[in-house]
Trainee: 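Here you go, one structure.
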Amino acid sequence: MVAGGIAAGPAAPATAAALPSACSGSPDRVYPFATGELRIYKNHRYACAVTHAKRPGPRRTMSVSLQPRGGRAVMERGRFTRRAGPVSVHALHRCVRATGKVSGTGRSTGWILC
């Protein structure tokens, strides 16, 4: 199909950096693991985390959790095709720790953003 003189072909796959963010704030850290990656975002008051699958596709078990120091963890767990999250916590002057998993494989951080 040609529209306005430009041929429309198959869309190129989006890279991880090109995917729109589900979190507000600026990207702070990325923790890759075998089946995906855990992305941490930070703005002035909040921290946010998302787990992205390396290869989006069929539904599989995924989870993401984020805990502020001295507070309770916020978690999202379920069967997703692309990502788990976002989850956010108030993190003004507080460290946080995060965990992300895709199909039972994942990664955890220590206390970060201190």
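Values in this document were obtained by computation on a predicted structure and should not be read as measured data.
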Trainee: For residues 72-114, which residue pairs pass the disulfide bond (SG atoms under 2.5 Å apart) check, not counting sequence neighbours?
Mentor: C95-C114
Trainee: Using a 3.5 Å cut-off and no angle test, enumerate the donor-acceptor pairs between side-chain atoms of residues 65-73 and protein atoms at least two apart in sequence or in another chain.
Mentor:
{"residue": "Q67", "atom": "OE1", "partner": "R97", "partner atom": "NE", "Å": "3.0"}
{"residue": "Q67", "atom": "OE1", "partner": "R97", "partner atom": "NH2", "Å": "3.2"}
{"residue": "Q67", "atom": "NE2", "partner": "G71", "partner atom": "O", "Å": "2.9"}

Trainee: Could you pull out the closest heavy-atom pair between V96 and A91, with the gap in Å?
Mentor: CG1-CB, 3.8 Å
Trainee: Rounded to the nearest 0.5 Å, what's the gap from NE2 on H52 to CZ on R82? Could you check?
Mentor: 9.0 Å
Trainee: Let me confirm one number: the CZ-OG1 distance from R60 to T81, rounded to the nearest 0.5 Å.
Mentor: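 With rounding to 0.5 Å, CZ (R60) is 8.0 Å from OG1 (T81).
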Trainee: Could you report the tightest heavy-atom contact between V64 and A84, atom names first, then the distance?
Mentor: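 Closest approach of V64 to A84, heavy atoms only: CG1-O, 3.4 Å.
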Trainee: For R79, check side chain to side chain contact (heavy atoms under 4.5 Å, CB included) against everything at least two apart and list the hits.
Mentor: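 For R79, the residues satisfying side chain to side chain contact (heavy atoms under 4.5 Å, CB included) (neighbours in sequence not counted) are R59, T61.
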Trainee: Give, for atom CG of L113 and atom CD1 of I40, the distance between the pair rounded to the nearest 0.5 Å.
Mentor: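 Nearest 0.5 Å value for the CG-CD1 distance: 7.0 Å.
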Trainee: If you compare all heavy atoms of A49 against all heavy atoms of L38, which two are closest, and at what distance to 0.1 Å?
Mentor: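 Where A49 meets L38 most closely, the heavy atoms are CB-CD1, 4.3 Å.
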Trainee: Is it true that, when you exclude R77 itself, more than 12 heavy atoms of the residues, nucleotides or ligands shown sit nearer than 6.0 Å to its CZ?
Mentor: no
Trainee: State which residues pass side chain to side chain contact (heavy atoms under 4.5 Å, CB included) with R107; sequence neighbours excluded, sorted by chain then number.
Mentor: Y31, P32, F33
Trainee: Between V50 and V102, is there a shared hydrophobic cluster once you connect ILVMFWY residues whose side-chain heavy atoms come closer than 4.5 Å?
Mentor: no
Trainee: Y46: which residues meet the ring pair (Phe, Tyr, Trp, His ring centres under 6.0 Å) condition with it, sequence neighbours left out?
Mentor: H90
Trainee: Mind listing the closest non-hydrogen atom pair of P56 and K54 along with its distance?
Mentor: CD-O, 3.6 Å
Trainee: Just wondering, are more than 12 heavy atoms of other shown residues or ligands nearer than 6.0 Å to NZ in K42?
Mentor: yes
Trainee: Where do E37 and V30 come nearest, in terms of heavy atoms and distance?
Mentor: OE1-CG1, 3.6 Å
Trainee: Group every Ile, Leu, Val, Met, Phe, Trp and Tyr by side-chain heavy-atom contacts under 4.5 Å, then state whether Y41 and V74 land in the same group.
Mentor: no
Trainee: Not counting sequence neighbours, list each pair that qualifies as a disulfide bond (SG atoms under 2.5 Å apart) and has a residue in residues 32-92.
Mentor: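 Residue pairs with at least one partner in residues 32-92: C23-C48.
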Trainee: Tell me the ring pair (Phe, Tyr, Trp, His ring centres under 6.0 Å) pairs involving residues 59-81, sequence neighbours left out?
Mentor: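 Non-adjacent pairs meeting ring pair (Phe, Tyr, Trp, His ring centres under 6.0 Å): zero.
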Trainee: What pairs with S108 under side chain to side chain donor-acceptor pair (under 3.5 Å), at least two apart in sequence or on another chain?
Mentor: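 With neighbours one apart ignored, the set is T99.
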